[in-house]
Amino acid sequence: MNDDNLLNDREGEKRRAYWGGILTGILIALLICSCVYLVMRVKDSKKNEEAVHVPEMSQQDDGEEVINDVVIGKLQILLDTIEAHYLNEIHSEELVDGLYYGLLESLGDPYSVYYTQEELEDMISQTEGIYYGIGAYIGFNTEANMCYVSKLIKNTPAAASDLSPGDFIVKVDGTDTIGMTSSEIVKLIKGPEGTSVTITVQREGEKNPLDITVARAKIESPTVEYEMLENSIGYIEITEFDDVTYAQYCEAYDTLVARGMKGLILDLRANPGGNVSTVCQIARRLLPEGLIVYTEDKYGQRMEYRCDGTEEIQIPLAVLVDGNSASASEILAGAIKDYGIGKLVGTTTFGKGIVQRIISFSDGTAIKLTISNYFTPNGNYIHGVGIEPDIPVEWDSEQYLNEGIDNQKQAAIEYLLPLVQ
């Protein structure tokens, strides 16, 4: 999750001491209102060719600069100067959004960002794992400089249509898509449930483009894949932790148990994270009684996520991890390692041990702020360090490409074999 939207925990937010968040929201909301007001005044401002005096920013007793009228005044000066001298056309809305993006960017934290209303809606859809579209993944071919259909999700309108993986997308509802990014094309394809979209594709072996009309529907993103391997070893891959992931995991796990699963490989490789509520739900079907994870904010306030141990896993467990296993995946992997209920196989994880929170505003926009650190049950802080595997196995890409063998997965199988026989 993709922008990495770790730990949007609605339940946790209700319990977390939130005064710091409220004060931050008020400050930024006031700045937003001021900036909007100033932009509205730009058109009435006078052009000034002389140097403009900018008063120095006042300071608190401790020497720290404070946001006050001087900041607002300088914003006005900057806007007036842009209006007077900038060569190209000025779009006030984009100019104001740029101020907000810059304000969050100045924190120097890649995980703290500003969302426009549209961006917020897209992010929420991604976090929920539900959207309204046709059920196709769109990729970009750099050689052809065109987007194409990379995969069709099972049991969706796209899978039931004449679309085929590899089809190059030429138009969407008559709009030429050559040169568009995949996200731009996805926006054209998405739409209200029950409506249709016509996608014009160029297919290999066909002389002329094909017009394919597909109905839009409510699509649930598949975040869990599973299968039963030899020797009754179950395999579950979790690609991210969205709202829909827990139900998908339960279906996978229960199906494998019904088939006689004696050992489990849990694949968290390339999993960027997701919701803390979701990962904790899954953790409660694996861990013994105790802590899953805990967080601490800038005031030292601690928030604990616990497990009652009623569904602790009773079969051997191996967890696949790599350098792209981050945040929520590290919460689960870290807890499993701390309790010693399974072995981590692969390479050291990414190392994202911080928590973000979404703070929404009445105009439909929002900011995502880093608000706390998190720690594994044993108190390990993994940010910038990651979690080392119990069984180190470097990924062999050549073996996978040439022989189709996943050497890390094979190592997990070899670990489990003596334990399931």
**Message:** Looking at Glu388 and Lys337, is any side-chain nitrogen of the basic one under 4.0 Å from a carboxylate oxygen of the acidic one?
**Reply:** no
**Prompt:** Is any side-chain heavy atom of Ile313 less than 4.5 Å from a side-chain heavy atom of Ile341?
**Reply:** yes
**Request:** Check ring-ring contact (aromatic ring centres under 6.0 Å, His included) between Tyr381 and all other residues, then give those that pass, not counting sequence neighbours.
**Result:** Phe375
**Request:** State which residues pass side chain to side chain donor-acceptor pair (under 3.5 Å) with Glu184; sequence neighbours excluded, sorted by chain then number.
**Result:** Thr181
**Asked** If you measure from the Lys or Arg side-chain nitrogens to the Asp or Glu carboxylate oxygens, is any gap between Glu220 and Lys218 under 4.0 Å?
**Response** no
**Request:** May I ask you to say whether Asp176 pairs ionically with Lys171, meaning some side-chain N is under 4.0 Å from a carboxylate O?
**Result:** no
**Request:** Could you give me the CA-CA distance, side-chain angles and deciding distance for Gln301 and Glu296, then say whether side chain to side chain contact (heavy atoms under 4.5 Å, CB included) is met?
**Result:** CA-CA 5 Å; Gln301 293 175 324; Glu296 288 184 358; over 6 Å; no
**Item:** Contact check, side chains of Trp395 and Tyr400, non-hydrogen atoms, under 4.5 Å
**Value:** yes
**Message:** With a 3.5 Å distance limit and no angle check, can you tell me whether Thr255 reaches the backbone of Glu251 through a side-chain donor-acceptor pair?
**Reply:** yes
**Asked** Is it the case that Lys368 places NZ or CZ above or below the six-membered ring of Tyr114, under 6.0 angstrom from the centre and within 45 degrees of the axis?
**Response** no
**Asked** So, Asp406 and Arg269, do they make that salt bridge, N to O below 4.0 Å?
**Response** yes
**Asked** Are any of the side-chain nitrogens in Asp297 or Arg357 under 4.0 Å away from the carboxylate oxygens of its partner?
**Response** no
**Request:** Tell me, please, whether Tyr294 has Arg302 positioned over its six-membered ring: NZ or CZ under 6.0 Å from the ring centre and within 45 degrees of its axis?
**Result:** yes
